[in-house]
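What follows is a short report on a single structure.
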Amino acid sequence: MNIKQTIIMTTAAAAGLLGATGIASADQVTVKSGDTLAAIAQAHNTTVENLASINDIKNIHMIYAGDVLETEGQATAVAAAPAQAAVQAPVQQAAAPVAPAVQQAPAQVAAPKQAAAPAVAAAPAQQAAAPAASGSTYAQFIANGGTDAMWNTIVRPESGGNPNAVSPNGYRGLGQTKEGWGTGSVAQQTKGMVNYATSRYGSVSNAISFRQANGWW
């Protein structure tokens, strides 16, 4: 009789423990290599601003492979479940070299420079000098077929005007691409951007409009 009572009490205690561990109901998505915040927002029928707000993202152009983003609402029940909190912690501290980030995204370990000096962080020097100096990146961009609107709408938001910029996801150059025209001289990159804009969107002006509407191109 005592053995049966012990089994019943143990089962009840286990059920109570399981009932106490709630799981957040908010939708989530794990960032993959090549993803942008704008693409994730479009896929989940929301906006870049909403994703940035609910995930406390300071720079909408810098997200990391392996991050887990909330796409709707806020998961307030996570605090009651220690195991789940441990998995979500790297999303809140993506910039810190903590152990969970190494487990979720080895690519971040392979690119330590993003924590010390992100490629985009070096851009202001280019922006400050670009429009004025003869022979500057801006001057070369214009001389090789680029336009002022393309520079201000696509180049500056994507790379800060730095032809050597490399994002954490491996996108390179003035226009931030993984194609061949993401490297090389400013002239080569400019011509590659113009060809890409024309072939994909029909014209440079259409590419500019798409970038303005979606936050990526």
Item checked: Pairs flagged by side chain to side chain donor-acceptor pair (under 3.5 Å) wherever residues 208-217 is involved - sequence neighbours left out -> Glu158-Arg211
Checklist line | Separation between CG of Asn55 and CD1 of Ile63, rounded to the nearest 0.5 Å | finding: 9.5 Å
Next item on the list: Would you indicate whether Lys32, at its atom NZ, is surrounded by more than 12 heavy atoms from other residues, nucleotides or ligands within a distance under 6.0 Å?
Entry: no
Check: How many angstroms lie between atom CG of Asn164 and atom CG of Leu174, to the nearest 0.5 angstrom?
Finding: 8.5 Å
Next item on the list: Only counting residues at least two apart or in another chain, list the ones meeting side-chain hydrogen bond (donor to acceptor under 3.5 Å, both in side chains) with Tyr196.
Entry: Arg200
Next item on the list: Go through the structure and list residues passing side-chain hydrogen bond (donor to acceptor under 3.5 Å, both in side chains) with Thr183, not counting sequence neighbours.
Entry: none
Check: Linking I/L/V/M/F/W/Y whenever any side-chain heavy atoms sit under 4.5 Å apart, do Tyr171 and Met62 land together?
Finding: no
Item checked: Donor-acceptor under 3.5 Å (Gln189 side chain, Gly173 main chain) -> no
Notebook entry, point to check: Could you walk me through whether Asn169 and Asp35 pass the side-chain contact (heavy atoms from CB on, under 4.5 Å) check?
Noted result: CA-CA 8 Å; Asn169 294 326; Asp35 281 349; 5.6 Å; no
Item checked: side-chain contact (heavy atoms from CB on, under 4.5 Å) assessment of Ile57 paired with Leu69 -> CA-CA 10 Å; Ile57 296 174; Leu69 303 181; 4.2 Å; yes
Note to self: For residues Ile60 and Val29: do they belong to one hydrophobic cluster (side chain heavy atoms under 4.5 Å, members Ile, Leu, Val, Met, Phe, Trp, Tyr)?
What the structure shows: yes
Notebook entry, point to check: Is Ser53 reaching over with its side chain to a backbone N or O of Glu49, donor-acceptor style, under 3.5 angstrom?
Noted result: no
Checklist line | Shortest non-hydrogen separation from Pro157 to Thr153 and the atoms involved | finding: CG-O, 3.3 Å
Check: In Å, rounded to the nearest 0.5 Å, how long is the span from CD of Glu70 to CD1 of Ile54?
Finding: 6.5 Å
Item checked: Partners meeting side chain to side chain contact (heavy atoms under 4.5 Å, CB included) with Asn195 (sequence neighbours left out) -> none
Checklist line | Asp27 side chain to Thr71 backbone, donor-acceptor under 3.5 Å | finding: no
Checklist line | Validation row: Lys178, Ser33 side chains within 4.5 angstrom (heavy atoms) | finding: yes
Margin query: For the CG atom of Asp67 and the OG1 atom of Thr30, what is their distance to the nearest 0.5 Å?
Written below: 9.0 Å
Next item on the list: Please name the pair of heavy atoms, one in Ala187 and one in Asn144, separated by the smallest distance, quoted to 0.1 Å.
Entry: CB-OD1, 3.3 Å
Notebook entry, point to check: Between Met150 and Ala197, what is the shortest heavy-atom contact and its length?
Noted result: CE-CB, 4.2 Å
Next item on the list: Taking all non-hydrogen atoms of both residues into account, name the closest pair between Arg172 and Val166 and its distance.
Entry: CG-CG2, 4.3 Å
Margin query: Once side-chain hydrogen bond (donor to acceptor under 3.5 Å, both in side chains) is applied, do any residues pair with Asp148, and if so which ones, sequence neighbours excluded?
Written below: Tyr138, Asn152
Next item on the list: Consider only side-chain N and O atoms of Thr47 and Asn50, and report whether a donor and an acceptor are under 3.5 Å apart.
Entry: no
Check: If you round to the nearest 0.5 Å, how far is CD of Gln188 from CD of Gln140?
Finding: 11.5 Å
Next item on the list: Can you measure from CZ (Phe141) to CH2 (Trp151) and round to the nearest 0.5 angstrom?
Entry: 7.0 Å
Next item on the list: Sequence neighbours left out, what passes side-chain hydrogen bond (donor to acceptor under 3.5 Å, both in side chains) with Glu179? Give chain and number order.
Entry: Trp181
Notebook entry, point to check: Are Val155 and Met193 side-chain neighbours, meaning at least one heavy-atom pair lies under 4.5 Å?
Noted result: yes
